[in-house]
Every structure is written in C-alpha cells, then in structure tokens.
Amino acid sequence: MSEKRATREALGETLVELVAEGVDVVAVDADLSGSTTTAKLAKAHPDRFFNVGIAEQNMIGTAAGLAVEGKIPFTGSFAVFATGRAYDQVRNTVCYGGLNVKLAPTHAGITVGPDGGSHQMLEDIALMRVLPDMRVLVPADYVAAKAAIRLAAATPGPFYIRLGRAAVPVIYDEEYRFELGAARVLREGVHVTLAACGVMVEQALAAAEELELEGIHAEVLDIATIKPLPAEAIAASARKTGAVVTCEEHSIIGGLGSAVAEALGELAPVPLVRVGVRDVFGTSGEPAELMAHFGLTGADIAAAARELLSRRK
Amino acid sequence: MTHAALVASIAAHAAQMRYDIIEMIAEAGSGHPGGSLSAADIVATLYWGVMRHNPASPDWPERDRFVLSKGHAAPVLYAALAGAGYFGRDHLKTLRKLGSMLQGHPDARKCTGIEVSTGSLGQGLAIANGMALALRMDGNPARVFCLLGDGELQEGEVWEAAMFAPHHGLDHVVAVVDHNGLQIDGACTDVMCLGEVAEKLHAFGWEVRECDGHDVEALLEALSEPPMTEGVPVAIVAYTVKGKGVSFMEGDAGWHGKSPNAEQTATALEELGAVRGQAAGALEAAVGSLLTDESPSEGGS
C-alpha cells in the first residue's frame, strides 16, 4: 500500500501498451493531453492522437466518427467538461448511436483541489448512469484503472471511466482483473457493509480499521462498476450485515449511493447512510483538506457507520 | 450514360423523392417537409451522380459516406435510400410509426444505408470529420459528405468542427449547406443572423463553392470537382428554397415541421406528380432507346 499513483496516469500508458499489442485505439483530447496523460500516446504514436483544441463537444463528435469507422477512440479532458459540456453529444451521438466510444476523463471529484468548485465534478456518475447503453466504471487505484481501460477497449459500446488527478495508494496487485458488474470484497465483516468506489475505497478501508478496534467488523466492498451495478452482491452483503454505508467522492444524489439505495430498495431494504458531498458545489483547497471539509475521510465513514448501528439498536 | 442523361436521371429521382416526401409525411401525420424538399436535389445529386455506393452492399468499405447533420430532414434521406434500393419502398409508409425502421430522425441502428444516427443539430460535421480521420488512417479513399442546414449553423459545435477539418487537412470531407434561409421561428437573418455563410466558412479555411441548390448541373460540378488545394476541405453553399416544389410551402417557415392535411396533400401531390411526369419524360428523351436497359439506380462513377 506504500506506492501512490493517480488513476489518470493509467490512461496514456495503457493506450501505448494497447497499440503495441495491435489494438486499434486512438485518443482525442481537448487541449489537456498533458494532464489527462494522452500526451504519452501522442508522443509514441502521433498518428493515433487528435487534438480538437478547447472544444469538448467536437471531441465527442470526432471520437464518434472514428468509432463509426471501426477505431476504438478514448477521449480525454476533465470530467466536468467531458460530461457536462458535451452531454448532448454523449447522449445523442454516442449512446443513442450505440457507438464504441470510451470516455476516460480525468480530474473527477473534489481531489482536483485548488482549482475549485467549477472544476470539481461531483455529478458525472449521475449524468452518465442514466444514459442507456453507457457503462460506468470508477476504478479505485492505478492498477484497477489500467484494467478498466483494457476492459473498455475490449468490450464494444460506450464506456465512462472516471479517473482522478490526485495520487492514491495502489491497492491491487498484478493479478487484478476487472470484472464488469462485479463487486470486490476487500474485507469480510458482519456488522456493517461499507460500499465504496474510486478514491473512497482507501477511506472505507481506513474506516474498517478504525471500527475493528471497537469490535465492529465492517465488510468493505469495492464497487468499481456503478453500471452495471453488482446489485445481487451488494444485496447479499446487506442481508448479512443488515446495514450499509455508501462512500463516494461525488454528490450523494444520483451516484453510487443512489444506485445502491435503488438496488437495496428492491432487493434487500436495510438502513443506509450515504457518505458523499451533500448537494453542494466544491471549493478551493488541498485534496486532503477538502476530503475533511466535505466529510469524506475514513473517520467520517466510521462515524456514519456508528450512527447507523446506533439507530438499529 | 451521357451527361444530359445523367442530369435528367438525377432530376427524375429528385422529383420522385419530393413526391415520396409529401406522401410519407402525410401518412405519418407529422414530420419536416420544408427542409426535406429543399434538400431533394442535393441528395439526389449525391446518390445518383456523385457518391460511390452500392445498395446491394451497404457496408462496402470503399463506399462514400453520407451524414445527414440536419437530421429532421430524414424523409429526404429515406426517399433516396428507398429509391436507390437500400430497402423496399413499402417501408416509406411506416415513417414515424411504432416499430418502423424509419424513425422520426435517422437511426443507424434501425435502418440500413444510414451511416450514423443524427437529429440533435450541429453534430454531424464533427462525426464526419472523425470518420474521415479513420478512413485516412486506413488508407481508404472514400469521401464523407455532410449535409447541414443553415439554421443549424447557429450551433457552436459546427464551428468547432469547421475549425478542425482544415487544421487536420481533411480534404476528403465535403460539407454541403442547404441554405434555404428559414428556420422554425422565421428567417435565419431575423432569428439569429450568422452573416455571410460562404465568407465565414472561407475564413475558417475551407475552399467554398456556391451554387443554386436546385440546379443539378451546378450541383454536379460543385460536388464532383476535387479540392483545388491538397489538404483543404471543400464546403458547398447551396442556395435553396424551403418547401421547394410545393407552391404553398415554398418560402414559408411555417412548413418546417408540419404535415399537410388531406386537401393540402392532394394539391401537393398533384403539383409534384406533374413535375415527376415531366422529369420522367425528359429522362426518356435524354436516354432515348437505352432507357429500359440502363436504369440509373447504381449511383455515380
């Protein structure tokens, strides 16, 4: 767990690897190739990289055309622009057309940091999740991000892969394989389920450590595929523990918490608390400061679990 | 086929397409006649005079591609595809109905011969550019023709794409603007004036050609000539009349997205039927005794 890498670093590197393996991937970026790391592909294979300039709608449209003709395009940019700015292009051209476009934007969530609320995308999971045919992946670390990119490249149809700016601990090892629609049990427990995605997996694991000291055995699930959601696996854990805390670096409206609540409401209704950003925009600050400010730390998750368990007594 | 016969055959197809457009929209009870009729000569010229394509093999890799960015003009595309033989003409009467492959706007997943789904305005040229990039990477000589409306040019993405094509040297993309001057709320110049379309495209780096969008000879020349300069894409501003061919629809923005009633349909079909008859007669005269054996349904060169 000592090594730290940002999930965004996986993008350029994996694309270069895929080209070497003969996979027909290309990248389309909107003047952020250094930040998104698609510049690595641009350097290694300039013929497979297209810069559209600061024009995210055109980025999605161009990628769509490349997909129509059989290429496997990955688009860069920041999550706030790739989804919000170009939403109609993603909906009507990519998803409605059923095109093989892979959105892999970076800088999602508050861990973007000092750039502030305008750039801290907290609604992207919600926006992407409601689109028919869209698969939504939120990898927890660099290894999972690489695997998610490989899975998307190998699986026809639109994908949204949520990547982050800040370095986060590498949780997984080389054996990790990304499985669409599967939950990963990182820690077994009986008292409460902590269902997390992305950078919040690290925080959920920290919360579980803290709770363990109090004799509360938390089960930690990495929900890296928000859509398709591993609803049965989540329900099975909920039936076992009887209480669920969702953990996301995203608005509590429409994201992982909502998806889990929807699934449990149908399959296994249990008390639930959503840890996430509570219907406000982000603000400038350092990533760690912001995690504390918005109540997204391991301690916050542990507190939410305690509150939930006290409610049950 | 002689040049005169080619022109006559395109005109005959356009006349048939206009008849089909009114018939199918009347049957559907809704749809967009104005912009479909204005584009009929452009689309007919592409499908019967310019594009390399083969209805018997819709996925032929080297076919030229057509992207209908102004997706609400779907009936003009459906009429062309049916006329060319991509699907049976009986499908035309299913336009906009439950279960039909002829959706209100073109759906590539449902209908053969459609390259890409469109309908949300302003997105077609970006898609055409992406297709052109992929074709160039693969050494495929196919061209990509993209038909835009002039009202549609108010969408910002059009100009993002207009910047992109010259920058990336996409000289196998051809943008055609169906410049009929009207949009839903009235004249484009009144709703949101864009200024001179041709000048703007030129300023963005395109080789711009202007022509009468109802003059098949002029369209053939504009669409067939390669770019003057390698790496410079061609844009054609085709001046048209919205509702062209139906007297009471011509130049009336009110016919952008409205179906004619029974009486209006009868009048329209009478007018269009007469033109269709004349066009067929002209074609017969141009082709002469070869007519029966040389049905011009297989596209251009």
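Within every chain, numbering begins at 1; the chains are lettered A, B, ... in the order of the sequence lines, protein sequences first and strands thereafter.
Annotation: maximal heavy-atom pairing with chain B below 4.5 Å, among A/G98, A/G53, A/A67, A/A86, occurs at A/G98. Comparing B/M163, B/H168, B/M131 by heavy-atom pairs within less than 4.5 Å of chain A, the highest count is held by B/M131. Residue with the most contacts toward chain A among B/A108, B/G119, B/S120: B/S120 (heavy-atom pairs, distance under 4.5 Å). Most heavy-atom pairs under 4.5 Å with chain B, from the set A/I60, A/V28, A/L99, A/V52: that is A/V52. Put simply, of A/T62, A/N58, A/N92, A/V68, the one with the most heavy-atom pairs under 4.5 Å next to chain B is A/N58.
Looking only at side-chain heavy atoms (C-beta outward), A/K71 and B/D138 come within less than 4.5 Å of each other.
The environment of CD in A/E179 is sparse: at most 12 heavy-atom neighbours from other residues, nucleotides or ligands sit within 6.0 Å. By the 6.0 Å contact criterion, CD on B/E230 is open, its count of non-hydrogen atoms from other residues, nucleotides or ligands being 12 or less. A/K43 NZ: 12 or fewer foreign heavy atoms inside a 6.0 Å radius. The 12-atom threshold is not exceeded at CZ of A/R85, counting heavy atoms of other residues, nucleotides or ligands nearer than 6.0 Å.
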Applying side-chain contact (heavy atoms from CB on, under 4.5 Å), run through A/Y96 and B/D107 and close with a yes or a no.
CA-CA 8 Å; A/Y96 185 68; B/D107 187 333; 3.2 Å; yes

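Contacts of B/R136 with chain A are absent, with no heavy-atom separation under 4.5 Å from either backbone or side chain. Heavy-atom distances place both the backbone and the side chain of A/D88 under 4.5 Å from chain B. Heavy-atom distances place no part of B/H167 under 4.5 Å from chain A, backbone and side chain included. For B/A128, no part sits under 4.5 Å from any heavy atom of chain A, backbone or side chain. Both the backbone and the side chain of B/E157 come within contact range of chain A, judged by heavy atoms closer than 4.5 Å.
Look at B/R109 and A/D133 and you find a salt bridge, because one of the NZ, NE, NH1 or NH2 atoms lies within 4.0 Å of a carboxylate O, short of that distance.
In terms of heavy atoms, A/L66 sits closest to B/A134 at CD2-N, 3.7 Å. Scanning both residues, B/M137 and A/V26, for their nearest heavy atoms gives CE-CG1, 3.7 Å. Here the closest non-hydrogen pair linking A/G97 and B/S117 is CA-OG, 4.1 Å.
A donor-acceptor pair shorter than 3.5 Å cannot be found between the side chains of A/E69 and B/N140.
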